[in-house]
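What follows is one structure encoded as structure tokens, with my remarks underneath.
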Protein chains: 2
Amino acid sequence: MTSLGIGTLAKRAGVRIDTVRYYERSGLLVPESRLESGYRRYSEAELTPLRFIRRAQVLGFSLKEIGELLALSKARNVARVKHAAELKLADVEKRIASLVRMRDALSTLVNTCSGHGDPADCPILKALGGEDWNEH
Amino acid sequence: MTSLGIGTLAKRAGVRIDTVRYYERSGLLVPESRLESGYRRYSEAELTPLRFIRRAQVLGFSLKEIGELLALSKARNVARVKHAAELKLADVEKRIASLVRMRDALSTLVNTCSGHGDPADCPILKALGGEDWNEH
DNA sequence: CTTGACCCTGGACCATGATCCAAGGCGTAG
DNA sequence: CTACGCCTTGGATCATGGTCCAGGGTCAAG
């Protein structure tokens, strides 16, 4: 059975060695074994949780949340994994709604600003400095 | 003309005193004046940039970006203000697109997961752990 | 055996966005 | 005048997610 050193594991997963050790310190990725010398040895299978971490990060999960997901995964608790994904989905949707409001406000400002003339007539300056902002 | 102490300003904007001073250290919010004693004095008008900071933060802007927006407002250069607003708009749109991708991925996973049964059949666990993910 | 690549630990350092503390000054009500 | 609350400064601390370094040990090829 092939086992990997930390450098190989890191390279294959596309992360830095220090990052792998950081994940280990954070309790996310414990090596399968150690040599007498202390060298970490990983099985090929360890690539999966490591990639899981990266992908879950892309989906907006924090390392802490990812730790919980990994624990759930080990516990083989499908219902709770789904629940965590639903919570994160709701969170992402709230963030999108917020940004959409901001985009609409910025877009209106940009479209109504001539780009020249009296600063007092610039809708962007008026909106940044004024009282008449849409409170979130 | 009414002027406010830092405590009153902070309370009215819903932030901590330390946070106001932190924003000042970060160059975002310089008090209108100081008393002989060193006490900061703010005009009522300072509430606007302070509230702007909070709103922009909620929408995902960093303090550094907010500083740039506020600086533009002070520079009162219509063309540059408009240009910066356009850049921010593009940035917001990129953030939205990224979150939408995140949402779609999560949504698909949640909708195809039964929430029970064999973890080996859980699409969330499979997607996060598997090899067959769209690398971004 | 020597060389170079790799690995170990522990701790420092980075940026971000705060929050909190100590030691002392200020301001106002009673 | 005294007390109490608010204010000042600089620096420490926190959490997050790493990155980097020193000083040393290990491993594999030549």
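We name chains A, B, ... by the order of the sequence lines, and we start the count at 1 in each one.
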Original post:
Checking B/S114 side chain against B/H116 main chain: does a donor-acceptor pair fall under 3.5 Å?
Top reply: yes

**OP:** Would you give the length of the straight line joining atom CG of A/L69 to atom CG of A/N77, rounded to the nearest 0.5 angstrom?
**Re:** 11.0 Å

**OP:** Rounded to 10°, tell me the angle between the two end axes of the helix from C/dC1-D/dG30 to C/dG30-D/dC1, each built from five pairs.
**Re:** 20°

Subject >> Polar contact flag, side-chain donor to acceptor under 3.5 angstrom, A/Y23-A/R54 >> reply: yes

Subject >> Phosphate OP1/OP2 of C/dC7 contacted by A/R40 side-chain N/O (<4.0 Å) >> reply: no

Original post:
Is A/N111 close to A/S107 at the side-chain level, that is, under 4.5 Å between some pair of heavy atoms?
Top reply: yes

**OP:** Quickly work out the B/I53 CD1 to C/dA18 C1' distance and round it to whole Å.
**Re:** 13 Å

Original post:
Tell me: CG of B/L63 to P of C/dG17, nearest whole Å?
Top reply: 4 Å

Original post:
Within the distance-only criterion (no hydrogens, no angle test), does the side chain of B/E46 pair as donor or acceptor with the backbone N or O of B/S43 below 3.5 angstrom?
Top reply: no

Subject >> Length of the CZ-P vector between A/R41 and C/dC7, whole Å >> reply: 8 Å

**OP:** Determine, for B/R40 against B/E32, whether the closest basic-nitrogen to carboxylate-oxygen distance falls under 4.0 angstrom.
**Re:** no

**OP:** Answer with base, sugar-phosphate or nothing: what part of the nucleic acid does A/S26 contact at a heavy-atom distance below 4.0 Å?
**Re:** nothing

Original post:
What are the bounds, 5' to 3', of the part of DNA chain D that sits under 4.0 Å from heavy atoms of chain A?
Top reply: D/dG17 to D/dC27

**OP:** Give the rounded distance in Å between these two atoms: CD of B/E65 and C1' of C/dT16.
**Re:** 12 Å

Original post:
Under a 4.0 Å N-O cut-off, is there an ion pair linking A/R101 with A/D104?
Top reply: no

Subject >> Sidechain N-carboxylate O distance under 4.0 Å for A/R41, A/E36 >> reply: no

Original post:
Does B/Y23 put a side-chain nitrogen or oxygen below 4.0 Å from OP1 or OP2 of C/dA18?
Top reply: yes

Original post:
So which residues get pulled into A/L87's cluster when ILVMFWY side chains under 4.5 Å apart are joined, directly or through others?
Top reply: none

Original post:
Is B/E65 salt-bridged to B/R95, going by a charged N under 4.0 Å from an acidic O?
Top reply: yes

Subject >> Hydrophobic cluster of A/V78, others only, ordered by chain and residue number, side-chain cut-off 4.5 Å >> reply: none

Subject >> Value in whole Å for how far the P atom of C/dA12 lies from OH of A/Y22 >> reply: 17 Å

Original post:
Does the pair B/D91/B/K94 count as a salt bridge with the N-to-O cut at 4.0 Å?
Top reply: no

Subject >> Where protein sits on nucleotides 24-30 of chain C, one letter per nucleotide: B base, S sugar-phosphate only, - none, heavy atoms under 4.0 Å >> reply: -BBS---

**OP:** Taking A/T8 for its side chain and A/L4 for its backbone only, find out whether a donor-acceptor pair lies under 3.5 Å.
**Re:** no

**OP:** Compare all side-chain heavy atoms of B/M102 with those of A/K88 and state whether any distance is below 4.5 angstrom.
**Re:** no

**OP:** Report yes if at least one side-chain N or O of A/R25 is closer than 4.0 Å to OP1 or OP2 of C/dC8; otherwise report no.
**Re:** no

Original post:
What residues in residues 14-21 of chain B put a non-hydrogen atom under 4.0 Å from any atom of DNA chain D?
Top reply: B/I17, B/R21

